[in-house]
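In the text below, chain A, chain B and the rest are named by the order of the sequence lines, each starting its count at 1.
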Amino acid sequence: MPTLLQVVLILLGSFVAGIFGALLGLGGGVLLVPMLTLLFGFDFHVAVGASIVGVIATSSGAASAYLRDHLTNVRLGMTLELATTVGALVGGTVAGYLGHDALAVLFGLVLVYTSLSMARGNPELALEEPRGQVMVGNGVSYNIHNYPVGLAIAAFAGSISGLLGIGGGIIKVPAMYLLMGVPLRIAAATSNFMVGVTAAASAFVYYARGDIHPLVAGPTALGVYVGALFGTRIGGRLRNRWLEWLFAVVLALVAVSMISSGLHLSLGR
Amino acid sequence: MTMVQRKDPHLDIVLSLVLLIGSIIGIAIISLGLVLYLIYHPDTVSVVDARSLPLSQLLPQVRSGSPLAILDAGLIILMLTPILRVVMAIYQFWREGDWRYTWVSAGVLAVLLVSLYLASG
């Protein structure tokens, strides 16, 4: 039963990726793509196609919860989505012209950045910190600066999402918080809100190209969706610095592995 | 530019429900298609051998009960969920008379429709 076994392993792996994604405040794509390429040996396009569907699933679930808690700035989200969707459409199209190796190197570079963010403490986990800084649900007033810069970074995050099948929150949240003056919890919720629409813009490009393989994308989406729900439950809403450091190291090692495989370096073998 | 994040509970709840219901239906249909596929095609050699159906063939194949088509339909429903959310946002902004964001949301929908058009053509 090779197919059944493969499907079950993808389900389990994605479930675990969903749990850790929720605990670490990562969308899941950053964990799914390395799993599908390095552990299962799928081509990068197959892995990214599956990851994009998985990212839509987890972000829909999470964004729904943040909307219910009135943490999302829908108007800001929709504005920046003008840029993220165009970026994703371009990124998803360009990915079709890039080979496995080039995508592996690009993904490795994003992993280096993600690893450094983890080591410093992922700002997206601000969502899990106690309320108080922001009056939720009473109408929050704050000045949003630097719209042009925000839109440019949103377009960049969207193109990375379309190219590599990740949500891109790790780029958008710091941009909204540090450059645009959006409170951290709202920036994280609003980023999550944008991820699904952004991924949808490139998902259909991948589907049309035949890069969404149903027996890979199906179990990936199912596993990561349930895993993220589970991870949110057991997370205890606490920031775990040990876990962040652990994943900073793991992601750095995965980055080295991806970049060296893309560049065909033999790493002392 | 000053932006007041208005208390807009109705908008939040409507969009929240669209995302929740869409993703649950998509995931449920994916699960159904997956189980049916594994029951009827246990002899597939590798998971990458199963290819998604072109959008034009999807509906007839779903009607004939093809497990792969059901699985594909679940994936498509999941992929359409965020687009439906944008449609609902347009409707809500329009109802509130918030023209600026009605147009912003319509712009986002336009980009998504371009993507859909490219995918179907």
Task: Heavy-atom contact with chain A under 4.5 Å, split by part of B:Leu11 - done: side chain
Open item on the list: Quick one: does any side-chain atom of A:His213 pair with a main-chain N or O of B:Val48 as donor and acceptor, under 3.5 Å?
Closed with: yes
- [ ] Drop me the distance from B:Ile77's CD1 to A:Ile56's CD1, to the nearest 0.5 angstrom.
- [x] 13.0 Å
Task: Check: A:Met78 and B:Val86 side chains under 4.5 Å, non-hydrogen atoms - done: yes
Open item on the list: Is B:Leu15 in contact with chain A via its backbone, its side chain, both, or neither, using a 4.5 Å heavy-atom distance?
Closed with: both
- [ ] Using non-hydrogen atoms and a 4.5 Å limit, figure out which bit of B:Ala89 sits close to chain A: side chain, backbone, both or neither.
- [x] side chain
Task: Side chain to side chain, B:Leu112 and A:Leu89, heavy atoms closer than 4.5 Å - done: no
Task: Flag, side chain of A:Thr85 to backbone of B:Val111, donor-acceptor distance under 3.5 Å - done: no
Open item on the list: Are the side chains of B:Val47 and A:Phe40 in contact, using a 4.5 Å heavy-atom criterion?
Closed with: no
TODO: Measure the shortest side-chain to side-chain distance between B:Ile13 and A:Arg68 over non-hydrogen atoms and say whether it is less than 4.5 angstrom.
DONE: yes
Task: Min side-chain heavy-atom separation A:Tyr66-B:Asp12 under 4.5 Å - done: no
TODO: Measure from NZ or CZ of A:Arg75 to the centre of the six-membered ring of B:Phe93, then state whether that distance is under 6.0 Å and the direction lies within 45° of the axis.
DONE: no
Task: All ring pair (Phe, Tyr, Trp, His ring centres under 6.0 Å) counterparts of A:Phe156, not counting sequence neighbours - done: none
Task: OH-CG distance between A:Tyr207 and B:Asp72, expressed to the nearest 0.5 angstrom - done: 3.5 Å
Task: Polar side chain donor-acceptor pair, A:Ser64 to B:Ser16, under 3.5 angstrom - done: yes
Open item on the list: Using 0.5 Å steps for rounding, measure from the CD1 atom of B:Ile29 to the CG atom of A:Leu222.
Closed with: 13.0 Å
- [ ] Let me know if B:Leu20 has heavy atoms under 4.5 Å from chain A in its side chain, its backbone, both or neither.
- [x] both
Task: Heavy-atom side-chain proximity of B:Val114 to A:Phe204 below 4.5 angstrom - done: no
TODO: Find out whether B:Tyr101 and A:Thr79 are in side-chain contact, i.e. whether some heavy atom of one side chain is under 4.5 Å from a heavy atom of the other.
DONE: yes
TODO: Return each pair, listed once, that meets salt bridge (Lys or Arg N to Asp or Glu O under 4.0 Å) where at least one residue sits in residues 202-229 of chain A; pairs must be two or more places apart or across chains.
DONE: A:Arg209-A:Asp211
Open item on the list: For residues 60-67 of chain B, give me every residue with a non-hydrogen atom less than 4.5 Å from any non-hydrogen atom of chain A.
Closed with: none
Open item on the list: Taking the side chain as everything from C-beta on, heavy atoms only, tell me whether A:Gln6 gets closer than 4.5 Å to B:Ser46.
Closed with: yes
TODO: Looking only at non-hydrogen atoms, find the nearest pair between A:Ser60 and B:Thr81 and report the distance.
DONE: OG-CG2, 4.3 Å
Task: Per-residue contact mode, B:Leu113 against chain A (heavy atom under 4.5 angstrom) - done: neither
Task: Per-residue contact mode, B:Leu19 against chain A (heavy atom under 4.5 angstrom) - done: both
- [ ] Output the option from A:Val7, A:Ile52, A:Val205 having the highest count of non-hydrogen pairs under 4.5 Å with chain B.
- [x] A:Val7
Open item on the list: Applying ring pair (Phe, Tyr, Trp, His ring centres under 6.0 Å), can you list everything that pairs with B:His41, at least two apart in sequence or on another chain?
Closed with: B:Tyr37
Open item on the list: Evaluate A:Leu215 against B:Leu34 for side-chain contact (heavy atoms from CB on, under 4.5 Å), listing each step before the verdict.
Closed with: CA-CA 7 Å; A:Leu215 288 186; B:Leu34 209 51; 3.9 Å; yes
Open item on the list: Please classify the contact between A:Val86 and chain B as side chain, backbone, both or neither, with a heavy-atom cut-off of under 4.5 Å.
Closed with: both
